[in-house]
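Encoded as structure tokens, the structure appears first; notes follow it.
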Amino acid sequence: MRILFCKIAFMKYYKGVQENVDEPRNGGSYVTENRDGGEVYNFDAISLEGKEGKYCLGFVETKSTRKERQNELHIENIRGCESLKNEKAVEDVLVVWCATQKDENTDKNKAVIVGWYQHATVYRRRDIDQDEENQNVDDDYYVKAKEEDCVLLPEEVRSLKEWEAPVAQKWGYGFGQALVWYARNENAETYLKKLVKQIQEYDGENWIDVGYPRPSSEQIKKISENIRKVQKLIWKQKNS
């Protein structure tokens with residue numbers, strides 16, 4: 001199975017930054033300084049022009065290997081994709097989203113699985129125009145999946161032992177310094193088979209519909225119209 005692990009900042013809902021309610025944390029210096037990040041909408045399903053249903057668009061921070069090269073996700077490193085060095089994208093990937101969460105029992109940080117996309121399309125680069133059919137989307141993203149193939153675990157479930165994410169220093173395989181793990185380690189086979197089965201059989205609560213989804217363009221338009229109406233009323237009252 002094609003599988004990819006991505007480490008992002010920790011949030012409850014991943015439906016945008018909500019001050020004092022849901023803000024990204026444990027995501028590196030940029031997230032700490034700006035209280036924002038590219039992953040804050042990873043589980044906010046939206047409609048895409050010309051496509052039925054809704055999709056989640058996922059972001060993970062990547063690094064370029066050379067200064068003159070654009071950041072990219074090396075999709076040829078995903079198992080089964082070794083021959084795709086020149087391809088822009090690969091389909092049917094299980095993308096497992098992980099983050100650092102504080103353990104309530106030990107008060108220490110640990111890596112946990114927060115959710116996943118099944119049957120996802122993974123792109124090499126995050127250009128907005130990477131998907132020619134969806135140039136109306138303003139988000140940078142590396143991963144795209146149908147809403148029904150996406151699961152966001154409830155916050156309390158993520159802390160359970162069975163959803164702990166592997167870290168190389170502790171497990172002998174898993175995340176190192178990079179925020180992407182391609183899961184190619186031979187000693188990880190048993191873990192991967194168990195996790196895939198666990199994901200496929202998961203029938204618990206899904207927070208994909210929980211939280212504060214971003215307003216649609218039509219809602220934004222109505223809000224703007226209402227604001228203008230209120231402004232006109234205030235202006236009339238001041239000048240009457």
Side-chain angles (χ1 to χ4, degrees), residues 1-15 17 22-44 56-65 71-75 77-79 81 90 93-103 108-118 120-126 139-145 150-155 157-185 187-188 191-192 195-196 198-199 207-208:
M1 171 178 280
R2 296 173 174 177
I3 185 168
L4 176 69
F5 289 74
C6 298
K7 196 173 185 182
I8 56 179
F10 188 91
M11 296 182 73
K12 290 181 180 179
Y13 309 119
Y14 294 94
K15 294 175 177 66
V17 177
D22 194 20
E23 301 179 64
R25 57 188 187 276
N26 300 330
S29 58
Y30 180 88
V31 170
T32 301
E33 293 170 8
N34 297 277
R35 299 170 72 183
D36 200 355
E39 61 266 61
V40 299
Y41 286 107
N42 273 18
F43 287 90
D44 183 20
C56 286
L57 306 178
F59 174 87
V60 61
E61 187 59 66
T62 60
K63 294 183 179 180
S64 59
T65 54
N71 289 20
E72 65 177 66
L73 202 161
H74 294 282
I75 58 176
N77 288 338
I78 299 173
R79 60 173 60 201
C81 301
V90 59
V93 181
L94 169 59
V95 179
V96 182
W97 298 100
C98 306
T100 299
Q101 180 185 41
K102 179 169 286 188
D103 191 321
K108 293 182 179 180
N109 289 334
K110 69 174 182 179
V112 300
I113 293 172
V114 300
W116 54 83
Y117 296 177
Q118 294 195 76
T121 300
V122 179
Y123 295 91
R124 183 177 298 280
R125 295 185 176 86
R126 69 182 191 185
D139 298 352
D140 282 355
Y141 60 96
Y142 283 103
V143 188
K144 180 179 71 178
C150 301
V151 170
L152 177 63
L153 293 173
E155 188 174 13
V157 174
R158 304 171 200 173
S159 61
L160 299 177
K161 186 173 180 59
E162 58 261 37
W163 296 112
E164 185 175 356
V167 176
Q169 190 174 12
K170 178 180 178 182
W171 294 49
Y173 54 84
F175 288 104
Q177 292 185 342
L179 299 179
V180 174
W181 178 46
Y182 294 98
R184 296 173 63 91
N185 312 58
N187 60 340
Y191 164 76
L192 293 172
L195 177 65
V196 170
Q198 188 172 304
I199 286 174
W207 272 14
I208 193 72

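Computed from heavy atoms alone, side chains included, the values below leave out hydrogens, waters and symmetry copies.
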| message | If you count heavy atoms of other groups shown closer than 6.0 angstrom to CD of Glu162, is the number above 12? | response | yes
| request: Report yes if some heavy atom in the side chain of Tyr173 is under 4.5 Å from a heavy atom in the side chain of Trp181; otherwise report no. | output: yes
| Nearest-0.5 Å distance that lies between atom CZ in Phe10 and atom CZ in Arg158 | 4.5 Å
| task | Output the distance between atom NZ (Lys170) and atom CZ (Phe175), rounded to the nearest 0.5 Å. | result | 14.5 Å
Please tabulate, one pair per line, all N/O donor-acceptor pairs under 3.5 Å involving side-chain atoms of residues 111-118, not counting sequence neighbours.
from   : atom 1 : to    : atom 2 : distance (Å)
Tyr117 : OH     : Asn42 : O      : 2.3

| Is there side-chain contact between Met11 and Glu39, with heavy atoms separated by less than 4.5 Å? | no
| message | Looking at Asp22 and Tyr13, would you say the former's side chain and the latter's main chain have a donor-acceptor pair under 3.5 Å? | response | yes
| field | Closest contact, heavy atoms only, Lys12 versus Leu152 | value | O-CD2, 3.6 Å
| So, Trp97 versus Tyr14, ring centres under 6.0 angstrom or not? | no
| query | Do you know which two heavy atoms are closest between Lys7 and Thr100, and how far apart they sit? | reply | CE-OG1, 3.3 Å
| note | CG (Leu94) and CG (Leu192) are apart, to the nearest 0.5 Å, by 9.5 Å
| query | Taking it one step at a time, do Cys56 and Ile208 satisfy side-chain contact (heavy atoms from CB on, under 4.5 Å)? | reply | CA-CA 9 Å; Cys56 286; Ile208 193 72; 3.6 Å; yes
| task | Working to the nearest 0.5 Å, report the span between SG of Cys150 and CG of Leu57. | result | 9.0 Å
| request: I would like to know whether Leu73 and Tyr182 meet side-chain contact (heavy atoms from CB on, under 4.5 Å); could you show each step before the answer? | output: CA-CA 10 Å; Leu73 202 161; Tyr182 294 98; 3.7 Å; yes
| note | The side-chain contact (heavy atoms from CB on, under 4.5 Å) partner of Tyr142 among Ile75, Asn71, Val95 is Asn71
| message | For a quick test of reading the model, state the closest non-hydrogen atom pair linking Cys98 to Phe5 and the distance between them. | response | SG-CD2, 4.0 Å
| request: Nearest 0.5 Å please: distance from the CG atom of Leu195 over to the CH2 atom of Trp163. | output: 6.5 Å
| request: Give a yes or no on whether the backbone of Asn77 and the side-chain of Arg184 come within a donor-acceptor separation of less than 3.5 Å. | output: yes
| query | At their closest point, which heavy atom of Pro24 faces which heavy atom of Ala9, and how far apart are they? | reply | CB-CB, 3.9 Å
| task | Look at the side chain of Glu23 and the backbone N and O of Arg35, then say whether any donor-acceptor pair between them is shorter than 3.5 Å. | result | no
| remark: Rounded to the nearest 0.5 angstrom, the CD-CG distance for Gln101 and Asn26 is 9.0 Å
| field | Main-chain N/O of Ile78 paired to Arg2 side chain as donor or acceptor, under 3.5 Å | value | no
| Are the side chain of Lys15 and the backbone N or O of Phe43 linked by a donor-acceptor pair below 3.5 Å? | yes
| field | Minimum heavy-atom distance between Glu164 and Tyr191, given as atom pair plus value | value | O-OH, 3.9 Å
| task | Please report the shortest heavy-atom distance between Ile8 and Phe59, naming the atom on each side. | result | CG2-O, 3.4 Å
